[in-house]
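Indexing begins at 1, ligand by ligand and atom by atom, following the structure's order. The structure displayed is predicted, hence computed values, not measured ones.
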Amino acid sequence: MKKIIAANWKMNPESAKEAEKIVKFLVESYTEKNVQLILFPPFVYFCRLRDELDNDADKFDWGAQDIFWEESGAYTGEISSAMLKSFWVQYVIIGHSERRWKLGETDEIINKKIKTALENGITPILAVGEKEKGDSVEKFLEDQLCKGLEDLDEKQISKIIIAYEPVWAIGTGSADNPEDTIKAVRIIKDIIGKMVGKEITDKIPVLYGGSVTSENARDFLSEKEINGALVGGASLNKEEFLKILNIAEKL
Ligand code: PGA
């Protein structure tokens with residue numbers, strides 16, 4: 001399985017010009033093929049980035065930071081799956097802790113978004129993780145996975161990606177350690193295994209996210225059970241992000 005490196009830019013950078021600089025730098029400096037690189041820019045930059053990059057846009061995969069569950073209609077401010085697909089979006093982050101805890105997104109909403117993404121051929125990256133250090137990892141993961149994946153059949157579950165992101169590690173500079181991440185990955189696989197069996201579960205990629213940098217990326221990515229990283233802050237610093245990509249590339 002190729003390592004997946006996903007760049008979650010969140011509500012950054014401040015201008016489309018800055019966004020373009022990061023992407024153009026990546027086009028020029030990152031030419032290898034051993035990593036699956038997925039970029040998640042804010043919605044408003046898609047148009048410009050796709051236009052500016054033209055054919056080079058195909059060098060990466062593109063993802064959205066959110067999706068709405070209805071196809072169209074009177075939903076002010078929302079973005080539909082069809083709109084995302086018109087910009088070649090193939091992935092979407094769903095259940096990110098910033099949406100769960102800062103914007104009140106519930107497991108029910110997350111479940112609807114996952115279903116909509118799958119129905120429209122967009123791969124959901126479902127983010128899960130405990131809130132505080134010391135919280136019961138099992139309890140959080142069981143709850144978020146069972147509710148988030150409710151009523152999905154085996155075929156649907158086989159298409160998702162999971163990102164384990166302990167909330168206390170996000171944007172704090174204090175990453176989890178690989179041993180505890182592996183324990184969490186095993187818990188995730190056990191929970192999903194009970195839903196769809198081991199064979200399908202083994203093929204579901206699980207990424208780690210939370211203060212990944214070029215300093216700690218190797219520790220996580222060299223573990224077989226960790227299939228990649230969801231990188232926030234460090235993905236906005238182009239030189240730093242390139243270092244992470246090169247680490248993943250050479251593993
Ligand atoms: P971080 O963010 O790398 O800045 O901690 C990760 C994420 O929120 O996906």
Taking heavy atoms and a distance under 4.0 Å, where does Asn8 meet ligand 1: side chain, backbone, both or neither?
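Looking at Asn8 and ligand 1, just side chain atoms fall under 4.0 Å.
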
Ion pair Lys112/Asp151, N-O distance below 4.0 Å:
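A salt bridge is absent here (no side-chain N lies under 4.0 Å from a carboxylate O).
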
Within ligand 1, which atoms have a heavy atom of [X] less than 4.0 Å away?
| X | answer |
| --- | --- |
| Gly210 | 5 (O) |
| His96 | 7 (C), 8 (O), 9 (O) |
| Gly233 | 1 (P), 3 (O), 4 (O) |
| Gly232 | 1 (P), 2 (O), 3 (O), 4 (O), 6 (C) |

Please work out which of the three classes, parallel, tilted or perpendicular, describes the rings of Phe68 and Tyr75, given edges at 30° and 60°.
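Ring orientation, 0 to 90° scale: tilted.
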
Return yes or no for this condition: an N or O of Thr172 is under 3.5 Å from an N or O of ligand 1.
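Not met; the criterion fails.
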
Kindly say whether [Y] contributes a backbone atom to a donor-acceptor pair with the side chain of [X] at under 3.5 angstrom?
| X | Y | value |
| --- | --- | --- |
| Asn237 | Ala234 | no |
| Gln144 | Asp107 | no |
| Arg100 | Ala127 | yes |

Scan side-chain atoms only and decide if Asn111 and Glu150 contain a donor-acceptor pair under the 3.5 Å cut-off.
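Judged by distance alone, the side chains do not pair up.
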
Show the numbers, then the answer: is there a side chain to side chain contact (heavy atoms under 4.5 Å, CB included) between Ser158 and Val196?
CA-CA 8 Å; Ser158 72; Val196 294; over 6 Å; no

Among all protein heavy atoms, pick out the one at the shortest distance from atom 2 (O) of ligand 1; state its residue, atom name and that distance to 0.1 Å.
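Heavy-atom neighbour on the protein nearest atom 2 (O) of ligand 1: Lys10 NZ, 3.2 Å.
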
Give the residue, atom name and distance (to 0.1 Å) of the protein heavy atom nearest atom 7 (C) of ligand 1.
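Ranking protein heavy atoms by distance from atom 7 (C) of ligand 1, first comes Glu165 OE2, 3.2 Å.
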
At the 4.0 Å heavy-atom cut-off, does Ala234 count as touching ligand 1?
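So Ala234 does not count as touching ligand 1.
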
May I ask whether Gly171 places a heavy atom under 4.0 Å from ligand 1?
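Flag set, Gly171 near ligand 1.
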
